[in-house]
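The analysis underlying the following values was restricted to heavy atoms, covering all of them including side chains, and did not include hydrogens, waters or symmetry mates. Counting starts at 1 for both ligands and their atoms, following the listed order.
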Amino acid sequence: MRPHWGDGTLTPEPPALFESAPRESEAQRGEEKPFETTSGFTLAAEYPVVSVHVLGTLAHLDRAFEYAVPEALDAVGPGMRVRVRFSGREHEALVRARYARPKTTKPLAPLVKIVSEDLLISEGMFRVCEDIAKRYAGSLSDVLRLAVPGRSAAAEKAHRARVERGQGVNAHADEAAHTRDSGIAQARLVYREKFAGLGAFLQHSRGGDLTPRAALVLDPVDSWIGLAIESLLSLDDDDGAIILASDQRDVDRLARALSEHCIAHVQFGSAQGPHARYTAFLSALEGRARVVIGTRSAVFAPVKNLRMIFVWDPDDDLYEEPRAPYPHARTVALTRSFHERCSLLYVSRAPSDFVRYLTLAGTLAALEPVPAPHASTHPRIELMDTYLREREGPSGFSRLPSHAHAVIRRGLANGPVLVHVPRAGYAPALACCFCGTKALCVACHATLAAPARSELICSVCARRYGHYRCRECGGADLRPIVLGQERTAADLQRSFPEATLHVSGGASGIVDDADVHDGDLVIATPGAEPQVEGKYAASVIVDAAASLGRAEYNADTETVRRYSHVLGATRTFENGGQVLVVGPDQHPALRSLVLVRSNAFIDRVLGERAELGLPPSTKVIEIRGERAACSDFLERFDAPKSAEVFGPTEVDAPGIDSESRLVLRCPVARAQDLIEAARATMLVRSAKKLPGTLRLQVDPPHVF
Ligand SMILES: [Zn+2]
Ligand SMILES: [Zn+2]
């Protein structure tokens, strides 16, 4: 039986990856004593040792183990899925390397079985996974399970049948070349003219000595899908690419556009079932589609000849993997770019703290747009203070000032109108009654939230506040920044009875792009905005104060990110587009919407975060679990000098009796020391089989 090498051709060569020296001569081999194995099988004649990573083991056993290759399993090679006996049970494992002599002196047990001869994972991807495990204080075994989906025998069989029907790669390449030409003919290549350096970025993405990594911020008029297509068309026919979007609806929109441009692609989705996921995985592995698109799990796709990873809206928290070790897709993309030498492009609508930090550090190049009149790139943007709204008096529009009413009416005459409301159900921050400054803990700088009990306690470091003094004005009284009423829909329907009203997001579900027509009024929460062709004639953002008042350190940048998508969904000023923001008009976050194409706000934010010791200037690790386990962790934890340790504190988690949490923090330059120290403590706990499970998360999203 010959191994199937996964690229559509059958290559009877020995595995390409050897840990030690390659082929030894017959003479050399003859001199060496055969190594010890357990009995009952015949050893393969050549390269009879494999190292494997066992899937689903305990944290302290997370390393490579050696096994003997029986003659019957001579087809085994690096990247294959096998079964092995491990601590008394059979486990699946992935083969890392095959070689001649073991490193261990213990007798080797034989492999039990080859589960699949597909080469599921390359050495490059093993290294990416190792790096991710290291960055996130996790097990390689856990990361491998994110990178290589569970096998679906049915999907594998169907896939094999397709391959045997001779739908080979070469036929596909011809087709691809043809479609690429017609795709280029259809697409207007506009973005390389617009963003300085994009042309060079795309050129270098095709290969060569440089591996370009860059970020760009789109104007509202720009289309990320248009940019993605232009980027794909600039690659060569056999170049692979991954395009990530955080939201499945964005992936679907991209898929439609790629089909229109005849660009073959395969979809990966976090929501796919095991069969669909494994089919997509095998298709990418085989190189049947050079372009993989999808949500966060697509970042691990085994794309052949990977040249570029394109990440749309890298700050969206949907990119956070919910399974251990909780890696963020944008970080996996960055890691792959380094290990696999593929280019990386982060594309956002608003300057991002994460991206800007990497840009200032020199990791990414910023591709700036060439000057253009704002009327051609942006809608008209107006800020309206709640104070002015209140001055208009108690008209029938308690939710919206009459100016907003006028903007909506004008918009409805020209097209659809979007009213953007914040999502309900988050903890409101506390602010100074006098000057409105958000209250931060004086010890750890976490945002203080309205207390569930009577006493004000910091949720991170457990500092108790008998009284609080505002750091800006010295005021002693705090109030929660409250969310306005959820009455927008009812109010609007009363005010605009002729307009068809769509409510998108929350309990009412998400409205389809195609269901919105001219003269329709859409009320949407962040991320649930239908993207209408021809865009909205006007948009009104309400309750900006509530969005900015969320008890999270990044409420300001997150608000700007969400609002920038509203701007992107609205027509430009020269096409009559207008956006009205109802909220605190002097807030720097809202001012930044008017100061188009400026990094002033994001740089100010990064400066403040550095001063307060908040990410991305610091690395934060959260450890959650039972109180006793947290305390035990703390006892064993050997904190590096640069680290701060907060807690353990009790966490209010619905449905859980009592959960505690520890927060560790250090300057980002010392991050690896802290991560390794935390990991070491987890390994000791695992090896001693201590009671209580702890969940360790690096870069937890909602701690400060
Ligand atoms: Zn104050
Ligand atoms: Zn605190």
A.B. asks: If you have a sec, read the angle at the Zn ion (ligand 1) from Cys435 atom SG over to Cys432 atom SG, to 10 degrees.
C.D. replies: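 SG of Cys435, the Zn ion (ligand 1) and SG of Cys432 span an angle of about 110°.
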
A.B. asks: Could you please compute the angle at the Zn ion (ligand 2) from SG of Cys444 to SG of Cys458, rounded to 10°?
C.D. replies: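 Centred on the Zn ion (ligand 2), the SG/SG angle is 100° (to 10°).
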
A.B. asks: Residues two or more places apart in sequence or in another chain: which of them pass side chain to side chain contact (heavy atoms under 4.5 Å, CB included) with Ser246?
C.D. replies: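 With neighbours one apart ignored, the set is Asp316, Leu318, Tyr319.
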
A.B. asks: I need the SG(Cys470)-the Zn ion (ligand 1)-SG(Cys473) angle, rounded to 10 degrees.
C.D. replies: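 That angle is 110°.
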
A.B. asks: Quick check: Tyr563 with His420 (ring centres under 6.0 Å apart)?
C.D. replies: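 For His420 and Tyr563, the ring centres are under 6.0 Å apart.
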
A.B. asks: Indicate yes or no: at least one non-hydrogen side-chain atom of Val143 is less than 4.5 angstrom from one of Pro327.
C.D. replies: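 Side-chain contact under 4.5 Å: no.
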
A.B. asks: Testing the basics here: between Thr649 and Ala462, what is the closest heavy-atom pair and its distance to 0.1 Å?
C.D. replies: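 Heavy atoms only, the tightest pair is CG2-CB, 3.1 Å.
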
